[in-house]
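Read through the structure below, which is laid out as structure tokens, and then see the notes.
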Protein chains: 4
Amino acid sequence: MRNIRKGTGESRRGKETILLILNSAKTILIEQGYSKLSMRKVAVGAEISVGNLQYYYPSKNDLLKDLLDHSIDEFMNEFERLRVGVNNDPELHLRSIINFIVLDLGNPTTTTFYPELWALANHDEYADKLMDQIYARVRLPLEDCITRINPKLSVEQVKKVALFISASMEGMTMFVGNGKVWNDSIKQMANIAIMSFLQMVKKITPEDIDKVL
Amino acid sequence: MRNIRKGTGESRRGKETILLILNSAKTILIEQGYSKLSMRKVAVGAEISVGNLQYYYPSKNDLLKDLLDHSIDEFMNEFERLRVGVNNDPELHLRSIINFIVLDLGNPTTTTFYPELWALANHDEYADKLMDQIYARVRLPLEDCITRINPKLSVEQVKKVALFISASMEGMTMFVGNGKVWNDSIKQMANIAIMSFLQMVKKITPEDIDKVL
Amino acid sequence: MRNIRKGTGESRRGKETILLILNSAKTILIEQGYSKLSMRKVAVGAEISVGNLQYYYPSKNDLLKDLLDHSIDEFMNEFERLRVGVNNDPELHLRSIINFIVLDLGNPTTTTFYPELWALANHDEYADKLMDQIYARVRLPLEDCITRINPKLSVEQVKKVALFISASMEGMTMFVGNGKVWNDSIKQMANIAIMSFLQMVKKITPEDIDKVL
Amino acid sequence: MRNIRKGTGESRRGKETILLILNSAKTILIEQGYSKLSMRKVAVGAEISVGNLQYYYPSKNDLLKDLLDHSIDEFMNEFERLRVGVNNDPELHLRSIINFIVLDLGNPTTTTFYPELWALANHDEYADKLMDQIYARVRLPLEDCITRINPKLSVEQVKKVALFISASMEGMTMFVGNGKVWNDSIKQMANIAIMSFLQMVKKITPEDIDKVL
DNA sequence: AATGAATGAGCGTTCATTCAT
DNA sequence: TATGAATGAACGCTCATTCAT
């Protein structure tokens, strides 16, 4: 919801237009993929002229940046809400985070948006940076739980365990996401994930992580 | 390595040209992403004319299909080699599979190629079908190990556990792959994965998987 | 003179550009034939960029449609003017129509444009529909004259006689048209046509038309 | 059935291939029009390679020439057969010629092939020359009949009357030809034509033809 | 007599972008 | 803010043609 050109999107009408643009862009990205995302199609989808689109976003890259920011904000806002009302039990908290993330993979937007983001991150610096930020943010509460459940792990080791858990869950996107073959098994996947990760966090030792074979 | 148009690629020279094309296409896909993959660029990379490229691959989609087939064949061939010399201990076998796959994520080709494939699979039927085939093939030895380690699980449950393990490992691609921030931690990730998955396979009960909360 | 894309050709400049395009297209169609009509050549002829041409006519077919409409409008407008100041004598009116149409065949545009249209009509639905409309319109006054000259003919028979007269005149295009071998004889052709058709309309009986041999 | 490159098409096999080529080309010309006629499509239709096609016809223009020759030969051969068994009555002979030509317009090949030829003749010298030859040949028997029916006409006037009759009949192609709206009325058109032309030939005077208004 | 391989130009079309209004 | 007009490059693709085998 932040655009590039200074002084644009400040009036109420402008803000509405920006929302129309971002929604159009996101729809295209999700339904057709990044390779089919064009300024023209975004303009048509937003029911404005190409000229006007370029008034708000002078270049396609500007639009992409704002689109990524905007899309991620939505996930983040939902994720933050998890915190509220969390009790003090780290194990329970870990369970609820895992549950939330795995079940979120069933969301049709998540299913298609994130693979696009990952592919993009391999070729686009901004997307790459953004990915780092999101997942670092997602790992924060994981790290907190892990530290409390297994205090013997060093800070670095906790980070790696959190990364493992987070990455593992992301990997399920392409298999249990919306419309995917295994979508019906999403609940069981969450169960396996909780069981697997919880056991591991409890039992894992510093040596398990850092041993060299 | 199989081209589309009848009667092309039959001479030695033709076969060489097809290889030049596929290598060029793969390089572009990996270095620049699918959205930048164009017939022109492939032709330039293969040092042939666009006309000649289209002589072998009448449409871009034909090229994409063959490129995916070709690229996946390479992984499959490597994966098949794992089988050879496998001992009878299912736990050891499971360890070696996990180890192989996680470490393969460090391969620069794997790191960038697979996210492209996942994104593609969301919009391209052929890519989707291919993904199903690859991962089904990858899960086969996993399912075999799991069944032998934990005989109490039903066939369906074994499949879900295998899917969980396979998907989890794929998820690490974007984080520990070649050039990624956590690339240095790839060995520890393999350790955590082995520890986590092995424990889970041993301990998990049918009820753990199918319980409804 | 009506373009396709909404919101284009609305400013004075846009309308001028559309005229430049149509003139360029018509010139190429007439001088080189439909098989040589390309968007690029039209753009060069109109001294605009290909991109701008496609801004007005998103597809070649859109341009062709408008070109046909536009070209036919010109003939129609001239043809309508015939009506004005027509006296009440059906025979005289018939003479003047025949004279007008046959002499119009000497027009260089008519000579080359109509054969293209006929060939096009065999493969293009829109051209076919348009042909039907033009010639139905041309036959209207013919049918009126014939009915008044020979009231014994049924409505259907009048239509067939009118069709015969109209079609016969069109057939001369390829022989007495501009630049054709017999172009010098166009006046005599008109004479023969008038004599032939007038006699026939006066003398023909319902039986002559519908007899089965 | 005559090709361009010296020494080709001399073996039995070569002659068969040439026939396959010409049939393929004619089918495409008739079904899709000249603008869609390409060497590639002809080769596919003839089930030979492009290279082999170009062995027989080094250039597209060579193929076109032979195609026109070949197609017109077919009509000519049929037309010559008319002569056989013709009695001495010029009026009867004229009727039979008119009848033959008008009814031939119902032939699907004639319907689509000739408009293509006319359009082509406007831009291609060879097609133009060929048209002259065919129609001059067609007018010969017409001129013979006219001279005998109406001996007062000069040689030049006879030629013009014959041209008028021939051209008139060609004009019906686009209206009563195969698949055309008025195809059902083809018999009545022949009746009207015979009545109209016969009357005219009998009654017309040198003054009718050459008068200047 | 026939094929497969290759080229280079041109095709219709889409694109990001610029700019005057 | 917003539109319509315009550009120039690139896209996937088809084409006529050449040539080695």
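The sequence lines fix the lettering, A, B, ..., with proteins before strands; numbering per chain opens at 1.
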Please tell me if [X] has a side-chain N or O lying less than 4.0 Å from either OP1 or OP2 of [N].
| X | N | result |
| --- | --- | --- |
| C/S49 | F/dA6 | no |
| D/Y55 | E/dA1 | yes |
| C/T17 | F/dA5 | no |

Discussion item. Output one letter per nucleotide in nucleotides 13-18 of chain F: B when a protein non-hydrogen atom lies under 4.0 Å from the base, S when only the sugar-phosphate is that close, - when neither is.
Written reply: BBBBBB

Whole angstrom value for the distance that separates [atom2] of [N] from [atom1] of [X]:
| X | N | atom1 | atom2 | value |
| --- | --- | --- | --- | --- |
| C/R13 | E/dC19 | CZ | P | 13 Å |
| A/N52 | E/dA20 | CG | P | 18 Å |
| C/I48 | E/dC19 | CD1 | P | 20 Å |
| C/L20 | F/dT7 | CG | P | 11 Å |
| B/K15 | E/dA6 | NZ | P | 14 Å |
| C/E47 | F/dG8 | CD | P | 13 Å |

Worksheet item: Residues two or more places apart in sequence or in another chain: which of them pass side-chain hydrogen bond (donor to acceptor under 3.5 Å, both in side chains) with C/K60?
Response: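 In terms of side-chain hydrogen bond (donor to acceptor under 3.5 Å, both in side chains), with neighbours along the sequence ignored, C/K60 is linked to no residue.
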
Worksheet item: With sequence neighbours excluded, what pairs up with D/S59 under the side-chain hydrogen bond (donor to acceptor under 3.5 Å, both in side chains) test?
Response: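 If we apply the side-chain hydrogen bond (donor to acceptor under 3.5 Å, both in side chains) test to D/S59, skipping adjacent residues, the hits are D/D62.
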
Fill in: Per-nucleotide pairing state of DNA chain E [Watson-Crick or G-U, under 3.5 Å; [ ] pseudoknot-crossing; | other strand]
.||||||||||||||||||||

Worksheet item: Mind checking what makes salt bridge (Lys or Arg N to Asp or Glu O under 4.0 Å) contact with D/E74, not counting sequence neighbours?
Response: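 So D/E74 forms a salt bridge (Lys or Arg N to Asp or Glu O under 4.0 Å) with D/K26.
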
Practice prompt. Among residues two or more places apart or on two chains, list those pairs meeting salt bridge (Lys or Arg N to Asp or Glu O under 4.0 Å) that have a residue in residues 28-48 of chain A.
Written response: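 Pairs touching residues 28-48 of chain A that pass the test: none.
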
